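Okay, so here's the structure we're looking at.
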Amino acid sequence: MSSGSEQAGVKPKSGAAAYLERSRAFVDACLEKALPPETAAPTTLHKAIRYSIFAGGKRLRPALAFAAAEAVGGSWDDAAPVGCAVEMIHTYSLIHDDLPAMDDDDLRRGRPTCHKVFGDAIAILSGDGLLTYAFEVLATCRRTEAIPGVIKAVATGSGTVGMVGGQVLDLEGEGKPATEASVAAIHRWKTAALITASCEAGALSGGASLKEAELLRNYGQKIGLAFQIVDDILDLTASPETLGKTPGKDLQAQKATYPAVMGIERAKLEAQRLMDAAKAELQALGARAQHLEDLALFVVERKS
Ligand code: GRG
């Protein structure tokens, strides 16, 4: 039997699309409460922070945190601080990445970048502010016994042997010959590490055992890498309107990417292989991990 929306000619949302929509509404309400209003001093800084964080974006990392908490029997409320923190850190990384000293980009999430609107200094400080708020909000996790593990997972994923270190490898690799191994090393840190932390910290905040946290970490590493492979492919194939950022930048900067070292078709197969391997990590968690399975599929099938 078809649903009402199908009868009306409206395509029903897939499992992941509906989950992302619900988790976006939830995390945006939590972020709204966690961050100071635009009217709070210093107003320029708080305006810039809100301009960037509420500019859109898929909110994939919070959704992963919520789904990981659910997969171990926890709730969205348990994982709300993790969802906010990883989105704050992700947004800070985008603001800093767009600066003239890094990727020098004018467009992000379909809008002029933070530094184009507020200037370089405020953009740098907005990123600093978001990173600091992330750890303040993590300290409010409901399961207080989980807080040290949650903080460690998020700090490792976003620090010098995680996202920040990956950004350094990425910048240093520009214009140099790349191999599959060197590209994987960059992507594991630059992109997969924060996605991994979202899954692991989300699970811990939901009461995961050490074994469950390890499964979720393994799942996160695999979909994190798949996410970046798809990002590399979209940079070559998607339009600025769909992406909300300038495509073709990787090629222009001679960046180390999967399509550059193995071609687009093999890169697509590698993303699929990683998705299958990620799903295999979920088997021991049973039906509660269904949303994580849907999100793994979303990661490889996404168009923006
Ligand atoms: C500057 C410390 C620092 C780190 C920068 C993550 C990163 C490292 C830079 C972001 C630039 C970039 C294009 C990275 C590749 C993958 C990625 C993180 C894409 C953007 O993530 P999405 O697609 O973005 O989840 P939305 O806007 O949907 O949230």
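Since this is a predicted model, take the numbers as computed values, not measurements. Atoms within a ligand are numbered from 1 in the order they appear, just like the ligands themselves. Note that these values count all heavy atoms, side chains included, but never hydrogens, waters or copies made by symmetry.
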Revision key, fill the gap. One finds that the ligand 1 atoms under 4.0 Å from a non-hydrogen atom of His90 are 20 (C), 21 (O), 22 (P), 24 (O), 25 (O), 26 (P), 29 (O)
Point to revise | Under 3.5 Å donor-acceptor, Arg61 side chain and Ile195 backbone | key: no
Practice item. Would you confirm whether Lys190, through its side chain, and Arg188, through its main-chain N or O, come within 3.5 Å as a donor-acceptor pair? Key: no
**Study point:** side-chain contact (heavy atoms from CB on, under 4.5 Å) partners for Ile264, two or more places apart
**Key:** Ile233, Leu236, Thr237, Pro259, Lys268
Check your understanding: So is there a nitrogen or oxygen of Tyr92 less than 3.5 Å from a nitrogen or oxygen in ligand 1?
Key -> no
Check your understanding: Is it the side chain, the backbone, both or neither of Gln167 that has a heavy atom closer than 4.0 Å to ligand 1?
Key -> side chain
Check your understanding: Is the closest side-chain heavy-atom distance between Glu38 and Thr43 below 4.5 Å?
Key -> no
**Study point:** For His96, atoms of ligand 1 separated by under 4.0 Å from a heavy atom
**Key:** 1 (C)
Exercise for review: Kindly assign one of parallel, tilted or perpendicular to the pair Tyr19 and His291, based on the angle between their ring planes and the thresholds 30° and 60°.
Suggested key: parallel
Review point. Is Asp103 touching ligand 1 with its side chain, its backbone, both, or neither, if touching means heavy atoms under 4.0 Å apart?
Key: neither
Exercise for review: Take atom NZ of Lys152 as the centre, draw a 6.0 Å sphere, and report whether it contains more than 12 heavy atoms from other residues, nucleotides or ligands.
Suggested key: no
Point to revise | Nearest-0.5 Å distance that lies between atom OG in Ser23 and atom CD in Glu70 | key: 9.5 Å
Check your understanding: Near Arg109, which atoms of ligand 1 are under 4.0 Å from a heavy atom of that residue?
Key -> 26 (P), 27 (O), 29 (O)
Review point. Out of His187, Gln228, Lys58, whose heavy atom sits nearest atom 22 (P) of ligand 1?
Key: Lys58
Review point. Atom 18 (C) of ligand 1: which protein heavy atom is closest, and how many Å away?
Key: Arg61 NH2, 3.6 Å
Review point. To which protein heavy atom is atom 13 (C) of ligand 1 closest, and what is the distance rounded to 0.1 Å?
Key: Lys245 NZ, 3.5 Å
Exercise for review: Report the nearest protein non-hydrogen atom to atom 7 (C) of ligand 1: residue, atom name, distance rounded to 0.1 Å.
Suggested key: Ser93 OG, 3.9 Å
Check your understanding: Does the Asp276 side chain pair with the main chain of Arg273, one donor and one acceptor, at a distance under 3.5 Å?
Key -> no
Review point. Do Arg59 and ligand 1 have an N or O pair less than 3.5 Å apart?
Key: no
Revision key, fill the gap. shortest atom 17 (C) of ligand 1-to-protein heavy-atom contact is with Phe227 CE2, 4.0 Å
Check your understanding: If we only count N/O pairs under 3.5 Å, is Asp97 in contact with ligand 1?
Key -> no
**Study point:** Option passing salt bridge (Lys or Arg N to Asp or Glu O under 4.0 Å) with Asp98 (candidates Lys116, Arg108, Arg111, Arg109)
**Key:** Arg108
Check your understanding: In terms of atom number and element, which parts of ligand 1 are under 4.0 angstrom from non-hydrogen atoms of Gly57?
Key -> 26 (P), 27 (O), 28 (O), 29 (O)
Exercise for review: May I ask you to identify the nearest protein heavy atom to atom 19 (C) of ligand 1, giving residue, atom name and distance to one decimal place in Å?
Suggested key: Asp231 OD1, 3.8 Å
Check your understanding: Between Arg59 and Phe66, is NZ or CZ placed under 6.0 angstrom from the six-membered ring centre and within 45° of the ring axis?
Key -> no
Practice item. Return the option from Leu60, Leu20, Leu94 holding the heavy atom at the smallest distance from atom 10 (C) of ligand 1. Key: Leu94
Exercise for review: With rounding to the nearest 0.5 Å, note down the distance linking CD in Gln228 to OH in Tyr258.
Suggested key: 9.0 Å
Check your understanding: Between Arg108 and ligand 1, does any nitrogen or oxygen pair lie at a separation below 3.5 Å?
Key -> no
